[in-house]
Amino acid sequence: MEHLPLLRPHFFFTTAPMPCPYLDGRMERKIVTELTGSDARGFHDQLSRAGFRRSHSIAYTPACVGCNACVPVRVAADSFKMSRTFRRLWERNADLRPRIVPARATAEQYRLFNTYQESRHAGSDMALMGFYDYRAMVEDSPIDTSLVEFRDGEGSLKAVCLMDRMDDGVSGVYSFYETVDPSRSLGTYVILWLIKTARSQSLPYVYLGYWISNSRKMAYKTRFQPLETYGPGGWTPMPSSP
């Protein structure tokens, strides 16, 4: 008789309702599951292709009653074309030197993280994170996770991206950066770097998390065309902006 290996069961849970951080007056709920065991990486890749995101050692997806505003999006890296604006931005940041390092938190990174939160997200839950909370965000990962540090010619840390690598792409889990020089548009630059990196590794997609049409914080994601969205019919192209 042939004996098949037993797969560890995965359990999914629904969180309690909490105020939505993106749309005023709405409540959010999530479906969450743990990423543990020897199959954590493969399980994470499957969930990512089904619209889930990772935070620490869990994967989650919105499950809000009466609301489907959060739409998973990913860039089709192979078909991405640099616009004139993107090329100018890339050249403006030509002095930056990206380096992929292990997912280990440092005091230098946390100082930049804290400054970024105070500048862009003052009063949010993330703005209240101490160093050990930041370290957990960076280091508590059961899959292939790295940090990308972007430094200028003098060695000053300008931007950081927490990046997951999957079998069909890379995921920008979270990025933060210096905000004193808006002309650098470092958030956009980091995404351009992720797209170039995915292409150089023959990975077809860059996962950007959720896009919300009525949230100004999410509007930037539609600039990276061709963009795909995940819905009941799976992944489909998002129409480009006119």
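These numbers were taken from a predicted model, which means no experiment stands behind them.
- A donor and an acceptor atom, one from each side chain of Tyr177 and Arg120, are located under 3.5 Å apart.
- Side-chain contact between Val173 and Thr145: absent, with no pair of heavy atoms (C-beta onward) separated by less than 4.5 Å.
- Nearest approach of Thr61 to Phe52, heavy atoms of both residues: CG2-CZ, 3.5 Å.
- At a threshold of 4.5 Å between non-hydrogen side-chain atoms, the residues Glu34 and His10 do not count as touching.
- Here the shortest heavy-atom pairing between Arg26 and Ala69 reads NH1-CB, 4.3 Å.
- The ring pair (Phe, Tyr, Trp, His ring centres under 6.0 Å) test applied to His121 returns Tyr116, not counting sequence neighbours.
- A search for side chain to side chain donor-acceptor pair (under 3.5 Å) contacts involving Asp95 returns Arg184, not counting sequence neighbours.
- Using a 30° and 60° split on the angle between ring planes, Tyr220 and Phe224 fall in the perpendicular class, above 60°.
- The hydrophobic clustering, which links ILVMFWY residues whose side-chain heavy atoms are closer than 4.5 Å, places Leu147 and Tyr207 apart.
- For Glu118, the side chain to side chain contact (heavy atoms under 4.5 Å, CB included) partners are Asn114, not counting sequence neighbours.
- Here the straight-line distance linking atom CD of Gln201 with atom NZ of Lys196 works out to 13.5 Å at 0.5 Å rounding.
- In terms of hydrophobic clustering, with Ile, Leu, Val, Met, Phe, Trp and Tyr side chains grouped at heavy-atom distances under 4.5 Å, Met163 and Leu157 are assigned to a common cluster.
- For Asp167, the side chain to side chain donor-acceptor pair (under 3.5 Å) partners are Arg49, not counting sequence neighbours.
- The residue from Arg53, His44, Arg54 that alone fulfils the side-chain hydrogen bond (donor to acceptor under 3.5 Å, both in side chains) condition with Ser171 is Arg53.
- Using a 4.5 Å cut-off on side-chain heavy atoms (C-beta onward), Leu194 and Val75 make no contact.
- Across Tyr134 and Thr106, no two heavy atoms sit closer than the pair CE2-O, 4.3 Å.
- Side-chain contact check for Met166 versus Asp144: every heavy-atom pair is 4.5 Å or farther apart.
- Annotation: side chain of Leu227 is not in contact with side chain of Arg74 (no heavy-atom distance under 4.5 Å).
- Taking CD1 of Ile191 as the reference point, atom CG of Leu89 lies at 10.5 Å (rounded to 0.5 Å).
- Met27 is not connected to Leu23 by any chain of hydrophobic side-chain contacts under 4.5 Å among Ile, Leu, Val, Met, Phe, Trp and Tyr, and they are in different clusters.
- Partners of Arg151 according to the salt bridge (charged side-chain N to carboxylate O under 4.0 Å, His left out) rule, which considers only residues two or more places apart in sequence or in another chain, are Glu108, Glu149.
- For the side chain to side chain contact (heavy atoms under 4.5 Å, CB included) test, residues two or more places apart in sequence or in another chain that qualify with Tyr230 are Ala50, Pro72, Trp235.
- By the salt bridge (charged side-chain N to carboxylate O under 4.0 Å, His left out) test, Asp152 is found to be paired with Lys158, residues two or more places apart in sequence or in another chain being considered.
- Residue Ser124 comes nearest to Gln117 through the heavy atom pair OG-OE1, 4.1 Å, listed as atom of the first residue, atom of the second, then distance.
- With rounding to the nearest 0.5 Å, the separation of CG in Leu186 from OG1 in Thr179 is 9.0 Å.
- Side-chain contact between Thr33 and Ile58 is absent, with no heavy atoms from C-beta onward closer than 4.5 Å.
- You'll find the side chain of Glu228 reaches within 4.5 Å of the side chain of Tyr205, heavy atoms only.
- Taking OG of Ser48 as the reference point, atom CG of Asp164 lies at 7.5 Å (rounded to 0.5 Å).
- In terms of the side chain to side chain contact (heavy atoms under 4.5 Å, CB included) criterion, residue partners of Ser213 (sequence neighbours excluded) are, by chain and number, Trp211.
- Contact check on Glu28 versus Lys30 returns a salt bridge, with a Lys/Arg side-chain nitrogen under 4.0 Å from an Asp/Glu carboxylate oxygen.
- For the ring pair (Phe, Tyr, Trp, His ring centres under 6.0 Å) test, residues two or more places apart in sequence or in another chain that qualify with Phe150 are Tyr189, Trp193.
- Minimum heavy-atom separation, Gln225 to Phe80: O-CD1, 3.1 Å.
- To the nearest 0.5 Å, the span separating OG on Ser141 from CG on Leu35 amounts to 8.0 Å.
- Nearest heavy atoms, Ala122 versus Ala127: CA-CB, 4.4 Å.
- For Phe131, the ring pair (Phe, Tyr, Trp, His ring centres under 6.0 Å) test picks out Tyr110, with sequence neighbours left out.
- A distance of 7.0 Å separates CZ in Arg84 from CZ in Arg87, rounded to the nearest 0.5 Å.
- The number of heavy atoms from other shown groups lying within 6.0 Å of CZ (Arg29) is above 12.
- Contacts of Pro237 classified as side chain to side chain contact (heavy atoms under 4.5 Å, CB included), with partners at least two apart in sequence or in another chain: none.
- Inter-residue side-chain proximity for Val170 and Leu203 is flagged as met; some heavy-atom pair is nearer than 4.5 Å.
- In this structure, Tyr60 has no ring pair (Phe, Tyr, Trp, His ring centres under 6.0 Å) partners at least two apart in sequence or on a different chain.
- Criterion: ILVMFWY side-chain heavy atoms under 4.5 Å apart, direct or through other members. Under it, Met129 and Tyr132 are part of a common hydrophobic cluster.
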